[in-house]
Structures are given as C-alpha cells and as structure tokens.
Protein chains: 2
Amino acid sequence: MSQNKRAELIRKALLLFYRNGFHATGMDLVAKETGVSKTSIYKHFRTKEELVLAVLRLRDENFRNWLYRRMEELAETPGDQLLAMFDALGEWFVEDGFKGCMFIKASAEFQEREHAINVQAYEHKRLLVDHFEKLARDAGLSDPHRVARQLLILKEGAIVVAAMSHAEASAAEAKATAITLLRS
Amino acid sequence: MSQNKRAELIRKALLLFYRNGFHATGMDLVAKETGVSKTSIYKHFRTKEELVLAVLRLRDENFRNWLYRRMEELAETPGDQLLAMFDALGEWFVEDGFKGCMFIKASAEFQEREHAINVQAYEHKRLLVDHFEKLARDAGLSDPHRVARQLLILKEGAIVVAAMSHAEASAAEAKATAITLLRS
DNA sequence: GATTTCATTAACAGATCGGTCCACATTCAT
DNA sequence: ATGAATGTGGACCGATCTGTTAATGAAATC
C-alpha cells in the first residue's frame, strides 16, 4: 500500500469515526467504505486503536491548521485573533458535517485516563492552550496562562452546546463573554 | 420485581454506564453486576435503549437536584447562586468517581440528532438554562436569557476541561470568567 | 520465462453483542 | 393438595465484534 493510499485510508476512516462514533464503527465497515480489505488495514495498523490514534493525529493537524489560519485571516492583532477564534468556530458550527469535537467524543468513549487515546486528546487541547497563551502574551495581557485556559473553557463549552442543540448562537455568546473577559 | 429493585437496577446501571460508557457496557455485564438476570431486565425494559433512557432520567433528576440545592446552600442572592454553581462544580470535579458529564457522553455516543437519547440529553441542558435564566431575571440582570446561555457554555466548558485533564482549576477559571460577565 | 516477493482477498476464529426461549421455582386461589 | 399464573435464571440465537489464516493474483527479480 502506497503512502498515498494509507493517507486516504486514514482520511476516510476519520469521516466514519466522526460521523458514527468509534465503538459504533466496526472494522468491517471501515474496510467496506475505504475499499481496503481488513487484512491490508491490519498490515499497517496492528489494532483498531492504532488506527484511531492515526486518525486523531490527522484530526489534530487538520483542525489546528485550519483554526490558526482562519484566526489570522479574520484579524490582525493577537488580541483580535483570540476573539476571531469564535467567529471561526461559528463558521464551523454551521457546516454540513459538523458533529462536535472529535477529541471530546474520543475522550468520552475511551474513559480510562491512561489510555493512549485519551492522552492524545488531551495533548490536542494542550497545544491549543499553548497557542492561546502565546497570543495572549503577545497581546500584552496580564495573565496569559489564565486567560488562555479561560478561552479554552469558552471554546469547549461553545462546541458542546452547538453540537447538542444546533445552536450556532453559542459561538457569538462565547465571543461576547470573551470580550468582557479580555476587557476586564 | 418490586419497584425498589427496579430503582436499584437503574441506579447500578447508571454507575456502570457512567464509568465504562454506553456501547462499552454490555447487557450481560449489567445483569452480572446488578444481580438481575437479563430475562428480568428485559421484562421491564424492552430494549437497552429504554434502560439507557431510564438511567438518563435518573441522572437528570439527581444532578439537577444536587446542583440546585448546593447553589442555594452556598449563596443567598440569585446572582451569587449563579456564581456559586462553579464552586459546586469544583466540589464535583474532585470527587473520586468524577468522569465528566453523562449527557455530553451520551450525546457523543448516540449521534443521530433525532435519537431519543439525544433529545433527552438536550432536554437536560434546556432545564438547566431555564433555571439559570430564572435566577438571572431575579438578580435583575438586563438580558437573562443571554446570560443564562453564556453560563451554560462556561459550565459545559469547565466540565469538559476538568474531565480531560483532571484540572479542578477549571471551575475557578470559569467562575472568574462568570464574575467579569455578570459585572459587565 | 521461472521464481521469489508482496499485497490482496474471502473465509474463518473466538468472543461478545442485544435479545429470546424454555424449564423450573414460587406463589396464589381454589 | 392442586392448578393456574407469574417471575426467574441459564442456555441459547443470529449478528457483529476485533483480529487471523490460507489461498490467490500480480509484480518484480534473476
């Protein structure tokens, strides 16, 4: 299997897991939908868990790249970029395939805290917070670490509310909260 | 099976589903751990889904009762009670069995938005928002509905962050955000 | 062109899934 | 005591789960 086909397999598996959930998506379905036989899949991933981890790595890369780029496109200064994150999220919420945060869902399905999947999901959030903190520091805010974590809470909350109730408004509400936060 | 045993079954099933997840907890395990045979379980619940729904009803009742009572115990005025919610959440986060929000996890595992389980999870959040809104109105805040939804976002975000990283600090961070919000 | 190598596939394990059937134990009215 | 009714548990059902094996096809090397 070429590197291309491997990447394509991960890409398609991501869509399946995102749409149907991890436990609810069997490897037979993955094989059928990707057109790659189970034997070939298991040649490259020793277990389903390894495939899930590869999918989460791809998701982390895609999501952070998209979010960071969109934040830069929507605002100039670091402070405005932090606020623009919620505009970017609002765009995501109204996309057709939006189904909430894949890492929250992964964390919900694999509960043991030591589990590699949970560790990776947490790593994704840590990278986000680090980025927020850098922006907050560049914006000259007094407690960048604290602000970054508060913004993470607002982001996660907005995603959860949007996923459960199709309430695109949650992005705007979280942004309004962030504005009062950054002005305080 | 008496009404008592039925309630006991739901109570024990709740712990299993909360700890292990819904799909990952089979009915055989439920039978084994509750000491009730599958035949008896299926006499009272036609499907696993019905049992899950009963569990979520119990969880909704328990959680809201606990939260509302704790908010009242911790603060006198409606405005302070809204803030005290985050102190109550902080107490929850450090409890031994804390594993995040059961409704977020249910919603993550049963994705179809029309699914009865999702509808019920959303109903839980709606009842919370209604309560927040009532308190916000009693506190004389200018836009109670908006504030209530912003507080919901903060609550969900704090829970998600706490569940993924054992960061009890998230309750305090969310509270600090809420304070700036209510003062603005 | 023969042979080695590798990838792919269908079929198959063994376990577990949600859900059912049946034989039996218990209770109750007669 | 006896018959009907009810509740219970363990064995069982087909489907599906993750993961493997054996046979096949194609491509590459000599």
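Labels below follow one simple rule: chain letters A, B, ... track the order of the sequence lines, proteins then strands, and each chain is numbered from 1. Keep in mind the model is a prediction, meaning the values are calculated, not measured.
For L29(A) and dT16(D), the CG to C1' distance is 12 Å, given to the nearest whole Å. Going from atom CD1 of I41(B) over to atom P of dG19(C) covers 11 Å, rounded to whole Å. In this structure, NZ of K43(B) is placed 20 Å from P of dG18(C), rounded to the nearest angstrom. dT16(C) atom P lies 14 Å from atom NE2 of H23(A), rounded to whole Å. Remark: C1' of dG18(C) and CD of E109(B) are 15 Å apart, rounded to the nearest angstrom. Across the protein-nucleic acid pair, L9(B) atom CG and dT8(D) atom P stand 11 Å apart, rounded to whole Å. Rounded to a whole Å, the CZ atom of F110(B) is 10 Å from the P atom of dG18(C).
For residues 126-154 of chain B, the set of pairs meeting the ring-ring contact (aromatic ring centres under 6.0 Å, His included) definition, not counting sequence neighbours, comprises Y68(B)-H131(B).
For S37(B) and dG9(D), the shortest distance from a side-chain N or O to OP1 or OP2 is below 4.0 Å. In this structure, S40(A) reaches the dT8(C) phosphate: one of its side-chain N or O atoms is under 4.0 Å from OP1 or OP2.
Among all heavy-atom pairs drawn from A106(A) and I117(A), the shortest one is CB-CG2, 4.0 Å.
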Table of protein N/O atoms under 3.5 Å from nucleotides 19-22 of chain D N/O atoms:
from: dG19(D); atom 1: OP2; to: Y42(A); atom 2: OH; distance (Å): 3.1
from: dG19(D); atom 1: OP2; to: K48(A); atom 2: N; distance (Å): 2.7
from: dG19(D); atom 1: N7; to: K38(A); atom 2: NZ; distance (Å): 3.0
from: dG19(D); atom 1: O6; to: K38(A); atom 2: NZ; distance (Å): 2.3
from: dT21(D); atom 1: O4; to: T39(A); atom 2: OG1; distance (Å): 3.1

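A cation-pi contact, defined as under 6.0 Å to the ring centre and within 45° of the axis, is absent between K105(B) and F22(B). Note that R59(A) lies outside the cation-pi zone of F103(A), set by a 6.0 Å cut-off to the ring centre and a 45° limit from the axis.
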Test log, rule salt bridge (charged side-chain N to carboxylate O under 4.0 Å, His left out), inputs E72(A) and R69(A):
CA-CA 5 Å; E72(A) 288 172 8; R69(A) 187 184 330 118; over 6 Å; no
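Looking at V52(A) and F45(A), their side chains never come closer than 4.5 Å, going by heavy atoms from C-beta outward.
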